[in-house]
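Side chains included, hydrogens not; waters and symmetry mates left out as well; all remaining heavy atoms used. Each chain gets a letter, A, B and so on, in the order its sequence line appears, and its residues count up from 1.
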Number of protein chains: 2
Amino acid sequence: MAQAEFWCEFASSYSYPAAMRIEALAAERGVALVWRPFLLGPLFARQGWRDSPFNLYPVKGRYMWRDLERVCGALDLPLRRPDPFPQNSLLAARVALALDDATRPRFSRSVFDAEFGQGRSIDAPPTLAPMIAALGLAPAPLFGRAVEDANKAALKAQTARAMALGLPGAPCLTTADGEVFWGNDRIEQGLDWARAHPAV
Amino acid sequence: MAQAEFWCEFASSYSYPAAMRIEALAAERGVALVWRPFLLGPLFARQGWRDSPFNLYPVKGRYMWRDLERVCGALDLPLRRPDPFPQNSLLAARVALALDDATRPRFSRSVFDAEFGQGRSIDAPPTLAPMIAALGLAPAPLFGRAVEDANKAALKAQTARAMALGLPGAPCLTTADGEVFWGNDRIEQGLDWARAHPAV
């Protein structure tokens, strides 16, 4: 079966519409997805950025927020700008990684909806606990697993792999043959590529 | 009639596929286009960039060249990477601006084809002269007009207007109601917007 990996960062604005629409697009094409939460911070730091480029370069930032309004408007997705932007996404990423591949997408969409659909902060356990409970899981043990050394190391390793793959930002799709597709705009193209170039 | 302005920079890689396909897309939608050549240099300088971001940030640059290969491949457009990148686009922009609205698009496509389709340098009159002749115009007087003070000032004013409109890069489409659409990826969306929001 054709496969692709979906790299998202919970603080990333364009990861929101991508996360909300990618499952249906992958299903239409028969592409199996694995969601790979990772952290943009270390990738940005290597470029010399200590903040989101959308904050460092206000012309890009102003454009992005208007563009995102139009993108979400066309998808009938609510959009509320989180404050501060970017949000601290470390806990959400650790929790997402501690989940299995089957439950991670639903949790991830809950986080994106809270953050960009409702404008809520995502950095505290009380925000994330009901999303975990909605999966039928007990929040406390999951938070415990999320901050274990092994899970922290796994998130670091996943972020290192993102860097090794050459991801320039988030969201990205990567395919079995090593192609990288960056941005909410490239989801369809990346999935089409994955279908046309299945793993051997 | 619905109208839009197409802002392109001859040194800009993604302006190449946009320039090659925009006329057909605009005609399909009944949108009248005016081509606005401008210079990215002053916009980039204001962000603190003294070179193309694709050179300053090599991870983005490597991604862009691969992405552009795929984009051009899907459009059956030849792609040869010009060396150096970015090219010095000042003369081409001045010549394009000195042309009238009706001849500017054809000249502009010739420049993009030479640069990104054939990998040629675009900074010298001998490269541009045959493109001007192909329009049925005499190259020498046009080069003369291109470097007159009035035309130099017009290019500066056009670039200042690009900055005032908040263009974050090139290519861009702008509409009568003040919307900005950035990137080859946004051409269809920008033209659809222009059609839905004609000037009053």
Problem - Interatomic distance, R186(A) atom CZ to D185(B) atom CG [nearest 0.5 angstrom] - result: 4.0 Å
Practice task
Give a yes or no on this: more than 12 heavy atoms of other residues, nucleotides or ligands lie within 6.0 Å of atom NZ of K152(B).
Solution key: yes
Problem - Residues of residues 59-75 of chain A contacting chain B, heavy-atom criterion under 4.5 Å, by residue number - result: V59(A), K60(A), Y63(A), R66(A), D67(A), R70(A), V71(A)
Exercise for the section: Look at the side-chain heavy atoms of Ile, Leu, Val, Met, Phe, Trp and Tyr, link any pair under 4.5 Å apart, and say whether M20(B) and F6(B) land in one connected group. Expected result: no
Practice task
Check each atom of R46(B) against the heavy atoms of chain A and say whether the ones under 4.5 Å are side chain, backbone, both or neither.
Solution key: neither
Handout entry: Co-membership, hydrophobic cluster, residues F54(B) and F44(B), 4.5 Å side-chain
Key = no
Completion exercise
Most contact-rich option vs chain A, by heavy-atom pairs under 4.5 angstrom, among M163(B), E179(B), Q189(B), is E179(B)
Exercise for the section: Can you tell which part of L167(A) gets under 4.5 Å to a heavy atom of chain B, answering side chain, backbone, both or neither? Expected result: backbone
Practice task
Indicate if L91(B) and L142(B) have the same hydrophobic cluster label, given that clusters are the connected sets of ILVMFWY residues with side-chain heavy-atom separations under 4.5 angstrom.
Solution key: yes
Problem - Co-membership, hydrophobic cluster, residues F85(B) and L79(B), 4.5 Å side-chain - result: yes
Handout entry: ILVMFWY network linking W193(A) to I187(A), side-chain heavy atoms under 4.5 angstrom
Key = yes
